[in-house]
Structures are given as structure tokens and as C-alpha cells.
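Let me begin by presenting the structure, written as C-alpha cells, before commenting on it.
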Amino acid sequence: MSELTWKGRWNELKGKVKQEYADLTDDDLLYAEGKEDELLGRLQKKTGKTRDEVESWLNNLE
């Protein structure tokens with residue numbers, strides 16, 4: 001997901017992510033500009049998915 005896509009879609013995706021993984025907190029899902037890698041790492045750790053799986057999963061959420 002490109003940086004511009006992250007900015008535009010993250011708030012909308014956040015709710016869907018929390019529905020699927022209820023143990024994720026708002027702190028886990030905090031998006032800070034330029035920190036996409038850090039966010040992906042947190043999601044990897046919490047979901048047990050690889051980076052590619054997390055990116056694919058996020059790209060497919062609608």
C-alpha cells in the first residue's frame with residue numbers, strides 16, 4: 001500500500017481490523033505519518049502473519 005493510500009484509507013480500515021482482531025488496541029493501530037513499517041510490524045506481531053500477508057490482508061479489506 002502506498003503512503004498516500006495509507007493516509008487516505010487507514011481510518012476506514014482501522015474499524016474493520018479491530019472487528020477481525022478484537023485484541024488490537026487503539027495504540028496498536030495508531031498511524032503516524034512515515035511510520036508505516038512500524039505499524040505493519042505491530043500488526044504482524046499481534047496477528048501472527050508475515051509482512052506480505054498483512055499487506056495483502058489490508059489491501060483486500062473493503
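The figures here come from the full heavy-atom set of this structure, side chains too, leaving out hydrogens, waters and symmetry mates. Just so it is clear, the structure is predicted and the values come from calculations on it, not from any experiment.
In this structure, the separation between CD on Gln44 and CG on Asp52 is 8.5 Å, given to the nearest 0.5 Å. Distance check: Leu61 CG to Gln19 CD gives 9.5 Å after rounding to the nearest 0.5 Å. Between the CZ atom of Arg42 and the CG atom of Leu30 there is a distance of 6.0 Å, given to the nearest 0.5 Å. Within the model, atoms NZ of Lys49 and CG of Leu40 stand 12.5 Å from one another, a figure rounded to the nearest 0.5 Å. Note that CD of Glu55 and OG1 of Thr50 are 9.0 Å apart. Values are rounded to the nearest 0.5 Å. The distance from atom CG of Leu39 to atom CH2 of Trp10, rounded to the nearest 0.5 Å, is 4.5 Å.
Under the salt bridge (charged side-chain N to carboxylate O under 4.0 Å, His left out) criterion, Asp26 pairs with Lys18, sequence neighbours left out.
Looking at Ser56 and Asn59, their side chains never bring a donor and an acceptor atom within 3.5 Å of each other.
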CA sep, side-chain torsions, deciding dist, call: Leu24, Leu43, side-chain contact (heavy atoms from CB on, under 4.5 Å): CA-CA 8 Å; Leu24 289 169; Leu43 289 172; 3.9 Å; yes
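The side-chain heavy atoms of Leu13 and Leu29, taken from C-beta on, include no pair separated by under 4.5 Å.
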